[in-house]
Amino acid sequence: MALQKSKQLNPRLTGSFSLSGSFIGDSESTGSFGSLVIDGNATVDGDLSVSQYIKHKGDTNTFINFTDNRIRLNAGGINFLSLEDDGSAPYPATINNGGNRINFRVLDRNSELLLKTDSEAFNVGLYYAGNKKLETNADGIEVFGSVSGSSTSTGSFGHIVTVGDINSSGRIFEQGSSVIDHATAMAIVIGG
């Protein structure tokens, strides 16, 4: 309890409370005032400064942790996101800083998948309207659907550099120049 002109004040406040000016509570000024408990909603018109943590009431391992030039978001004791100014650009925004079994998903405006990581399978998938179009794997990438490209200056596709095989169930072609038919493994030159 805090003393105010030799009267004890209960630091637990219920109902309405209005304070003009500054409120500073520390153990040196009152001897026992280490926290302020507010039952109900609190509105702060201005800055709220904390020494390190903002914790979820009744679930103290779910919190926002502020340290020098770093913010960490933890849920259930797991660090899901870490944002850090480590002194040199580019500055890292790290998901799954602790190497946990966390998957990262990005959704479009219709709540369909655009991007998904799978920490168990060690891969990343790219999606269009929820349909998988590309996936990384131990050998490289796998494409689901077609691959197309264009160039504004020459009209040609450009260069494809591969290390390993290109597997296709159809044809790979450069418009206006050649067709490679993988079924017969022969190239037919068109217009050339």
Side-chain angles (χ1 to χ4, degrees), residues 41-44 47-48 50 52-67 69-183 185 190:
N41 296 329
T43 301
V44 176
D47 295 336
L48 174 65
V50 299
Q52 185 169 353
Y53 294 101
I54 297 176
K55 295 184 177 182
H56 182 235
K57 185 177 179 180
D59 182 19
T60 57
N61 65 356
T62 298
F63 54 84
I64 302 171
N65 181 6
F66 297 94
T67 57
N69 300 320
R70 181 185 302 164
I71 301 171
R72 290 189 174 173
L73 303 176
N74 287 42
I78 297 172
N79 179 240
F80 278 79
L81 178 63
S82 179
L83 308 169
E84 182 178 4
D85 175 354
D86 62 358
S88 62
Y91 305 105
T94 305
I95 296 169
N96 193 15
N97 195 40
N100 297 292
R101 295 165 67 179
I102 295 173
N103 295 336
F104 177 72
R105 297 184 307 151
V106 177
L107 305 178
D108 66 17
R109 68 179 184 191
N110 296 319
S111 298
E112 298 286 350
L113 273 175
L114 289 174
L115 177 125
K116 179 184 175 188
T117 65
D118 186 332
S119 65
E120 295 296 310
F122 306 104
N123 70 21
V124 175
L126 295 178
Y127 296 75
Y128 179 82
N131 298 305
K132 187 181 288 186
K133 298 299 178 183
L134 183 137
E135 179 179 275
T136 62
N137 58 43
D139 297 324
I141 63 169
E142 186 172 350
V143 176
F144 304 91
S146 61
V147 176
S148 62
S150 64
S151 174
T152 57
S153 60
T154 63
S156 66
F157 185 77
H159 300 336
I160 298 175
V161 178
T162 67
V163 176
D165 298 330
I166 297 177
N167 297 314
S168 172
S169 60
R171 296 178 177 200
I172 298 174
F173 65 93
E174 183 177 353
Q175 188 171 2
S177 61
S178 63
V179 174
I180 302 171
D181 187 332
H182 287 279
I190 299 176

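- One side chain, Gln52 or Asn65, offers a donor N or O that lies under 3.5 Å from an acceptor on the other.
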Item to check | Check against side-chain contact (heavy atoms from CB on, under 4.5 Å), Thr136 and Phe122 | outcome: CA-CA 8 Å; Thr136 62; Phe122 306 104; over 6 Å; no

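- A search for side chain to side chain donor-acceptor pair (under 3.5 Å) contacts involving Lys132 returns Glu135, not counting sequence neighbours.
- Between Ile71 and Ile64 there is a side-chain heavy-atom pair separated by less than 4.5 Å.
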Checklist entry - Hey, mind stepping through Leu83 and Tyr91 against side-chain contact (heavy atoms from CB on, under 4.5 Å) and telling me if it holds? => result CA-CA 8 Å; Leu83 308 169; Tyr91 305 105; over 6 Å; no

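- Asn137 places a side-chain N or O within donor-acceptor distance of the main-chain N or O of Asp139, the cut-off being under 3.5 Å.
- The structure places CG of Asn74 at 14.0 Å from NE2 of His56, a figure rounded to the nearest 0.5 Å.
- Note that OG1 of Thr43 and CG of Leu48 are 12.0 Å apart. Values are rounded to the nearest 0.5 Å.
- Under the side chain to side chain donor-acceptor pair (under 3.5 Å) criterion, Thr94 pairs with no residue, sequence neighbours left out.
- Closest heavy-atom contact between Asn103 and Thr117: CB-O, 3.2 Å.
- Applying the salt bridge (charged side-chain N to carboxylate O under 4.0 Å, His left out) rule to pairs touching residues 90-103 yields Arg101-Glu120, sequence neighbours excluded.
- Between Leu81 and Asn79, the shortest heavy-atom distance links the atoms O-ND2, 3.2 Å.
- Closest approach of Val143 to Leu134, counting heavy atoms only: CG2-CD1, 4.3 Å.
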N/O donor to acceptor pairs below 3.5 angstrom from side-chain atoms of residues 105-112, sequence neighbours left out:
unit_1: Asp108; atom_1: OD1; unit_2: Asn110; atom_2: N; d: 2.8
unit_1: Asp108; atom_1: OD1; unit_2: Ser111; atom_2: N; d: 3.2
unit_1: Asp108; atom_1: OD1; unit_2: Glu112; atom_2: N; d: 2.8

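- Rounding to the nearest 0.5 angstrom, the gap separating the CG atom in Leu126 from the NZ atom in Lys116 is 13.0 Å.
- Partners of Asn123 under the side chain to side chain donor-acceptor pair (under 3.5 Å) rule, at least two apart in sequence or in another chain, do not exist in this structure.
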Checklist entry - Would Phe104 and Asn96 satisfy side-chain contact (heavy atoms from CB on, under 4.5 Å), going step by step from the backbone distance to the final call? => result CA-CA 9 Å; Phe104 177 72; Asn96 193 15; over 6 Å; no

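- Residue Asn97 holds its CG atom at 12.5 Å from CD1 of Ile78, rounded to the nearest 0.5 Å.
- No more than 12 heavy atoms of other residues, nucleotides or ligands shown are found within 6.0 angstrom of OH on Tyr128.
- With sequence neighbours excluded, the residues satisfying ring pair (Phe, Tyr, Trp, His ring centres under 6.0 Å) with Phe63 are Tyr53.
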